[in-house]
Amino acid sequence: MNWTSSQLRSLTELDRRGTITAVAAALGYTPGGVSQQIAALERATGRKLLRRVGRRVELTEAGRALARHADRILAAEAEAVAAVERTRTEITGVLRVALFATAAAEILPQALRAAREAHPGLEVRSRDMEVDDVYDAVVSGAVDLALGLDYPDVPIPRDPALRIVPLHTERFALAVPPGTFPEHGSAQAGAWAASAGLADPADLRKGLPTSTPLPLDLRRTEPHSWILPPADTYYGRAVRTACRRAGVEPSVRHEVTDTAATLALVEAGVGISTVTDLMLRLRPSHVDVLPLREPLERHIVMIYRTTAESLPTLTSLIPLLQSPPLPRPPQPNITPAPPSATLS
């Protein structure tokens, strides 16, 4: 059959996503381009692969049969490309990477500097995306590798066709307008600790520098307004789950996905929000950062297809991404939480 990989990928994505518009968005085509690729497949096979049902389209029996085999064809093609790539003595080629804002600012730059020195023939092309979209970008084949986020309470989907490799683990702290919790780090800490049934502040401080703020119980946030991503995001669900486990429903007044905007709103006294060390690097802000008693973490992960894991272009970048982010001097306007970024 005279067909192309792009045509087969459009068909498999249509089988997976259900609409031409969704396929176009996932693969970076126009809806008309996707329709043309399916039409070319129909000419190559001599069979109708789509039928219209009202205002929608769905695969015919022939279309579904070809889609099932197309997945295996595309996987075999990826393995063949990897085998050819392994014959090279020098790492050359293009690697497509999807990543979110924090990774784009703090993780990828140092990896690209190292890659430029070690593998001058490697061309990395990156796409800044909403973090919840990077997984689908790998699934669809739009990118070869993605940096994403995984939360223990709301993990991203697991698919046998994908590898999810932890890079770093960060523990969340709470960013609040300056002076919101003056008792933390002061003699007044004993009163609320005793009323909450917590350990004496002197015990809480054991092993911590005297300048380290006391850990904050999420129950103490109940009267305050929150700034969080929407509840249908992984991050938004993870924070809400942690709060509910602590017995408090966060009062979300502002739904914001951008970290810099969130920090600006906290600084302006609009509300409180969770932050990590890497998030704080995105915008120097005059905020208090308090460690949380409850464990609330996120894992920065790499995501790639199992069929591509032996590609030299991929294997050459992976160890460079695994290097911990370079330390920065503390910002003068931030009360820092204890260091939390660790290699997994």
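His299 has its side chain within reach of Pro152: a pair of non-hydrogen atoms, C-beta onward, lies under 4.5 Å apart. The shortest side-chain heavy-atom distance between Val143 and Arg127 falls under the 4.5 Å cut-off. Looking at Leu280 and Ser285, their side chains never come closer than 4.5 Å, going by heavy atoms from C-beta outward. Contact check for Arg298 versus Thr276: side-chain heavy atoms found under the 4.5 Å cut-off. Counting only heavy atoms from C-beta outward, the side chains of Asp132 and Leu149 never approach each other to under 4.5 Å. Pro229 is not listed as a side-chain neighbour of Val256, based on a closest heavy-atom distance of 4.5 Å or more. Using a 4.5 Å heavy-atom threshold, the side chains of Leu14 and Leu50 count as touching. Counting only heavy atoms from C-beta outward, the side chains of Leu145 and Arg96 never approach each other to under 4.5 Å.
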CA sep, side-chain torsions, deciding dist, call: Thr241, Tyr151, side-chain contact (heavy atoms from CB on, under 4.5 Å): CA-CA 11 Å; Thr241 299; Tyr151 299 89; over 6 Å; no
Ring pair (Phe, Tyr, Trp, His ring centres under 6.0 Å) between Tyr235 and Phe100, worked out: CA-CA 13 Å; Tyr235 180 16; Phe100 58 102; over 10 Å; no
How far apart are the C-alpha atoms of Thr262 and Asp258, what are their side-chain angles, what is the distance that settles it, and do they pass the side-chain contact (heavy atoms from CB on, under 4.5 Å) test? CA-CA 6 Å; Thr262 296; Asp258 181 75; 5.8 Å; no
For a side-chain contact (heavy atoms from CB on, under 4.5 Å) check, start with the C-alpha distance between Leu321 and Ile107, then their side-chain angles and the critical distance, and finish with the verdict. CA-CA 7 Å; Leu321 291 169; Ile107 297 175; 4.2 Å; yes
Check the pair Asp153 / Arg245 against salt bridge (charged side-chain N to carboxylate O under 4.0 Å, His left out), numbers first and verdict last. CA-CA 11 Å; Asp153 283 323; Arg245 188 164 51 238; 3.0 Å; yes
Stepwise side-chain contact (heavy atoms from CB on, under 4.5 Å) check, Leu41 with Leu8: CA-CA 8 Å; Leu41 267 181; Leu8 292 177; 4.0 Å; yes
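Within a 6.0 Å sphere centred on CD of Glu294, heavy atoms belonging to other residues, nucleotides or ligands number more than 12. Summarising the local packing, CD of Glu222 is surrounded by 12 or fewer heavy atoms from other residues, nucleotides or ligands at distances under 6.0 Å. Around CZ of Arg253, the count of heavy atoms belonging to other residues, nucleotides or ligands within 6.0 Å does not exceed 12. Within 6.0 Å of CZ on Arg125 lie no more than 12 heavy atoms contributed by other residues, nucleotides or ligands. The number of heavy-atom neighbours closer than 6.0 Å to CZ of Arg47, taken from other residues, nucleotides and ligands shown, is 12 or below.
Looking at every heavy atom in both residues, Leu174 comes nearest to Leu292 through CB-CD2, 4.0 Å. When all heavy atoms of Tyr304 and Glu309 are compared, the closest pair comes out as CE1-CB, 3.5 Å. Across every non-hydrogen atom of Arg9 and Ser140, the tightest pair is CD-O, 3.1 Å. Closest of all the heavy-atom pairs between Ile20 and Pro31 is CG2-O, 3.5 Å. Looking at every heavy atom in both residues, Ala173 comes nearest to Val289 through CB-CG1, 3.7 Å. Closest heavy-atom contact between Val301 and Pro166: CG1-CA, 3.9 Å.
Under the 4.0 Å criterion applied to side-chain N and carboxylate O atoms, Glu58 and Arg52 are not assigned as salt-bridge partners. Using a 4.0 Å cut-off between charged nitrogen and carboxylate oxygen, Asp144 and Arg305 count as a salt-bridge pair. Classification of Arg68 and Asp15 as a salt-bridged pair fails, no side-chain N sitting under 4.0 Å from a carboxylate O.
In this structure, CZ on Arg51 lies 8.0 Å from CD on Glu61, to the nearest 0.5 angstrom. Once rounded to the nearest 0.5 Å, the distance linking OG of Ser273 with CE of Met279 reads 6.0 Å. Taking CG of Leu317 as the start and CD of Gln322 as the end, the distance is 10.0 Å to the nearest 0.5 Å. Once rounded to the nearest 0.5 Å, the distance linking CZ of Arg16 with CG of Asp71 reads 6.0 Å. Atom CG of Leu214 and atom CG of Leu290 lie 9.0 Å apart (nearest 0.5 Å). With values rounded to the nearest 0.5 angstrom, Leu265 atom CG is found 11.5 Å from Ser225 atom OG.
Checked by atom type and distance alone, the side chain of Arg244 never pairs as donor or acceptor with a backbone atom of Ala242 at under 3.5 Å. Glu123 contributes no side-chain N or O that, together with a main-chain N or O of Val94, makes up a donor-acceptor pair within less than 3.5 Å. Under the 3.5 Å distance criterion, the side-chain polar atoms of Arg17 are left unmatched by any main-chain donor or acceptor of Glu13. The backbone N or O of Ala161 sits less than 3.5 Å from a side-chain atom of Thr306, completing a donor-acceptor pair. Under a 3.5 Å cut-off, the side chain of Glu267 and the backbone N or O of His286 do form a donor-acceptor pair. In terms of modelled atom types and a separation under 3.5 Å, the side chain of Glu42 and the main chain of Leu49 share a donor-acceptor contact.
Under the 30°/60° scheme for interplanar angles, the aromatic rings of Phe181 and His224 are found to be tilted.
Between Val176 and the options Ile272, Val287, Thr221, Val275, a side chain to side chain contact (heavy atoms under 4.5 Å, CB included) holds for only Ile272.
Inspection of the Thr259 and Arg283 side chains reveals no N or O donor paired with an N or O acceptor under 3.5 Å. A donor-acceptor contact closer than 3.5 angstrom is absent between the side chains of Thr307 and Glu79.
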